[in-house]
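Data first, discussion second: the structure below is written as structure tokens.
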Amino acid sequence: MELEEKREGDKVIYTITGRIDTNMAPVLQQGLHLDGVKEVIFDMEKVDYVFSAGLRVFLQAQKQMNSQNGTMKLINVHDSVKELFNIVGFTGIMDIE
């Protein structure tokens, strides 16, 4: 998994490439820098697999953004990954495109 960060003021865009599995979820978690951020976007176009540990990272990021009165959006999410987010109920608490 690779993580690219692009900052624009208090907005950050993370482009993720690869699988977010048990081994890569901690790497993703450590790579996120959300303090003081008001808007975070995760570009998931190159992600074809998310395991439960990865789901936890996104849930924690959403909670942090909520506590900062910020927004979080996942964009370019593949249908198979979107289905997983739907099954676990994340589509009701996250903006997923």
How about H78 and M44: do any of their side-chain heavy atoms sit closer than 4.5 Å?
no
Close side-chain approach of L32 to V12, heavy-atom, < 4.5 Å
no
Is there a path from V37 to I75 through hydrophobic residues (I, L, V, M, F, W, Y) whose side chains come within less than 4.5 Å of each other?
no
Side chains of V81 and I96: does their closest heavy-atom pair fall under 4.5 Å?
no
Do F51 and L28 belong together in a cluster built from hydrophobic side chains that touch within less than 4.5 Å?
no
Decide yes or no for H33 and Y14: does some side-chain heavy atom of the first lie under 4.5 Å from some side-chain heavy atom of the second?
yes
Can E4 and K6 be counted as an ion pair, charged N to O under 4.0 angstrom?
no
Are any non-hydrogen side-chain atoms of D79 and E83 less than 4.5 angstrom apart?
no
Hydrophobic cluster membership, L59 vs M65, 4.5 Å side-chain cutoff:
yes
Measure the shortest side-chain to side-chain distance between V47 and M1 over non-hydrogen atoms and say whether it is less than 4.5 angstrom.
no
Would you mind writing out the side-chain donor-acceptor pairs for residues 15-27 within the sub-3.5 Å range, not counting sequence neighbours?
unit_1 : atom_1 : unit_2 : atom_2 : d
D21    : OD1    : N23    : N      : 3.1
D21    : OD1    : M24    : N      : 3.0

So with a 6.0 Å cut-off around CD of E5, is the heavy-atom count from everything else above 12?
yes
How long is the gap from OG1 on T91 to CZ on F85, to the nearest 0.5 Å?
10.0 Å
Are Q60 and R56 packed together at the side-chain level, in the sense that at least one heavy-atom pair is separated by less than 4.5 angstrom?
yes
Under 4.5 Å between side-chain heavy atoms, hopping through other hydrophobics if needed: is there a path connecting L3 to V77?
yes
Kindly state whether the ring of F58 and the ring of F90 have centres lying under 6.0 angstrom apart.
no
Step through the shown structure and confirm whether more than 12 heavy atoms of other residues, nucleotides or ligands are within 6.0 Å of NZ on K46.
no
Check for me, please, whether I41 and V57 land in the same ILVMFWY cluster - side-chain distances under 4.5 Å, paths through other members count.
no
To the closest 0.5 Å, what do you measure between CG (D43) and CD (E97)?
10.5 Å
When you compare the side chain of Q68 with that of D35, does any pair of heavy atoms fall below 4.5 Å?
yes
Does L84 form a side-chain contact (heavy atoms from CB on, under 4.5 Å) with V50? I'd like the steps, not just the answer.
CA-CA 8 Å; L84 175 62; V50 178; 4.3 Å; yes
